[in-house]
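We count ligands from 1, going down the list as the structure has it; atoms in each ligand are counted the same way.
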Amino acid sequence: MKGPLFYSKILLFGEYGIIRDSKGLSIPYNFYNGALKGADVLDEASANSNQSLKRFVSYLENLQEEQPDLVTFDLATLKKDVDNGMYFDSSIPQGYGVGSSGALVAAIYDKYANNKITVLENLTREKLLTLKTIFSQMESFFHGKSSGLDPLNSYLSIPILINSKDNIEATGIPTQSFDGKGAVFLLDSGIVGETAPMVNIFMENLKDKGFRAMLKNQFVKYTDACVENFLGGDIKSLFSNTKKLSKVVLNNFKPMIPEQFHGIWQQGIDTNDYYLKLCGSGGGGYILGFTQDLEKAKQTLKDYKLEVVYQF
Ligand SMILES: Nc1ncnc2c1ncn2[C@@H]1O[C@H](COP(=O)(O)OP(=O)(O)OP(=O)(O)O)[C@@H](O)[C@H]1O
Ligand SMILES: C[C@@](O)(CCO)CC(=O)[O-]
């Protein structure tokens with residue numbers, strides 16, 4: 001047996017801000033994917049995945065007992081499949097900010113949830129919020145508090161615009177221009193990050209009045225502007241605001257940027273060859289880059305692995 005594919009995602013803008021009601025924009029990233037698969041004999045990676053699924057099943061059992069009105073699953077079949085060696089066969093790197101646990105949650109919901117909301121029906125704002133709430137509860141198993149956005153993105157396979165916490169919508173993004181020079185790229189930090197400790201640092205920082213003011217007057221302001229510029233196709237303003245965002249992040253989110261990247265982060269701002277920002281919670285995994293001249297950025301960053309995810 002092999003189930004349908006579920007894709008990774010990229011939160012282009014909105015990391016941390018969406019916890020404080022900024023806008024956010026999340027797009028599917030089809031380069032990586034995963035699917036539930038059955039096997040009689042498991043190699044080490046699939047055996048690990050199978051063990052992880054076993055623990056997840058116990059969690060879902062609890063969840064369903066505690067919140068039967070939220071979601072229920074065909075637990076008998078799910079348990080039988082996991083006992084028979086089912087695992088999540090996935091190329092999505094873990095702890096890289098591209099939603100490996102989100103894709104897994106989406107795949108389990110798709111296959112085992114009772115009365116599920118399907119992608120084929122008319123997805124009203126209400127249904128989207130219900131799905132997000134279910135996914136948030138399911139994904140919390142993997143990294144503490146989850147907004148549910150990653151699984152939602154993976155499940156629907158369409159860009160999602162977050163206007164505020166309770167106001168999300170499916171959206172379209174401007175079509176890519178493959179002969180353009182501008183690009184959004186991922187830069188591999190080579191370090192595995194962890195979401196929960198980074199979010200804890202952020203929550204701790206929020207106790208500081210100065211940090212809250214910076215967040216509101218700069219970080220959220222530039223994040224919101226970037227989302228609007230990106231969706232509106234205003235590339236000139238987009239780069240201007242991404243530069244401001246890049247600076248604010250370097251000055252105020254240092255723990256989320258691995259130390260050895262502080263130098264090239266600043267270099268991008270100084271040369272205007274590219275601007276770096278966090279990809280998800282940071283602390284390792286991928287770093288997101290924006291450039292108006294991909295060849296130039298590649299040249300300056302020749303010691304690093306870049307993956308292009310969108311072209312202007
Ligand atoms: N193929 C898989 N099989 C089983 N469990 C998996 C698989 N892929 C991911 N997971 C689970 O998801 C966890 C990683 O989720 P985590 O939320 O920490 O990172 P992420 O989803 O890759 O990144 P982010 O949430 O920042 O986008 C793993 O520790 C594991 O429990
Ligand atoms: C850091 C964060 O804002 C995004 C992580 O992808 C956490 C969240 O909103 O779930």
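The I18 neighbourhood of ligand 2 comprises atoms 3 (O), 9 (O), with distances under 4.0 Å to a heavy atom of that residue. With ligand atoms numbered from 1 in the order given, ligand 2 contributes 3 (O) to contacts under 4.0 Å with heavy atoms of E15.
The protein non-hydrogen atom at the shortest distance from atom 2 (C) of ligand 2 is Y16 N, 3.9 Å. For atom 6 (O) of ligand 2, the closest heavy atom belonging to the protein is G280 CA, 3.6 Å. Among protein heavy atoms, atom 8 (C) of ligand 2 sits closest to S147 OG, 4.1 Å. Scanning all protein heavy atoms for the shortest distance to atom 4 (C) of ligand 2 gives L11 CD2, 4.1 Å.
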List below, pair by pair, the N or O atoms of ligand 1 and of the protein that are less than 3.5 Å apart, including the distance to 0.1 Å; reply 'none' if no pair qualifies.
from     : atom 1 : to   : atom 2 : distance (Å)
ligand 1 : 1 (N)  : F88  : O      : 3.0
ligand 1 : 3 (N)  : S49  : OG     : 2.7
ligand 1 : 5 (N)  : S52  : OG     : 3.0
ligand 1 : 8 (N)  : Q94  : NE2    : 3.2
ligand 1 : 15 (O) : S101 : OG     : 3.3
ligand 1 : 17 (O) : S101 : OG     : 2.9
ligand 1 : 17 (O) : H143 : ND1    : 2.7
ligand 1 : 21 (O) : S100 : N      : 3.1
ligand 1 : 21 (O) : S100 : OG     : 3.4
ligand 1 : 21 (O) : S101 : N      : 3.0
ligand 1 : 21 (O) : S101 : OG     : 2.9
ligand 1 : 22 (O) : G95  : N      : 2.9
ligand 1 : 22 (O) : S100 : N      : 3.3
ligand 1 : 22 (O) : S100 : OG     : 2.7
ligand 1 : 26 (O) : T195 : OG1    : 3.2
ligand 1 : 27 (O) : V98  : N      : 3.4
ligand 1 : 27 (O) : G99  : N      : 2.8
ligand 1 : 27 (O) : D150 : OD2    : 3.4

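Between Y222 and F13, the ring centre distance reaches or exceeds 6.0 Å. Here F56 and F142 bring their ring centres to under 6.0 angstrom of each other. Two rings, from Y112 and F73, have their centers 6.0 Å or more apart.
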Item to check | Verdict with reasoning, F185 to Y310, per side chain to side chain contact (heavy atoms under 4.5 Å, CB included) | outcome: CA-CA 7 Å; F185 59 85; Y310 186 90; over 6 Å; no
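In this structure, S49 and F88 have side chains that are in contact, with non-hydrogen atoms separated by less than 4.5 Å. Contact of the F290 side chain with the F239 side chain is registered, since non-hydrogen atoms from C-beta on lie closer than 4.5 Å. By the 4.5 Å heavy-atom criterion applied to side chains, I134 and M138 are counted as neighbours.
Using modelled atom types, no side-chain atom of S46 and backbone atom of Y87 make a donor-acceptor pair closer than 3.5 Å.
In terms of N/O distances under 3.5 Å, ligand 2 is not approached by S281.
Scored by the ring-ring contact (aromatic ring centres under 6.0 Å, His included) test, Y32 finds Y29 as partners (sequence neighbours excluded).
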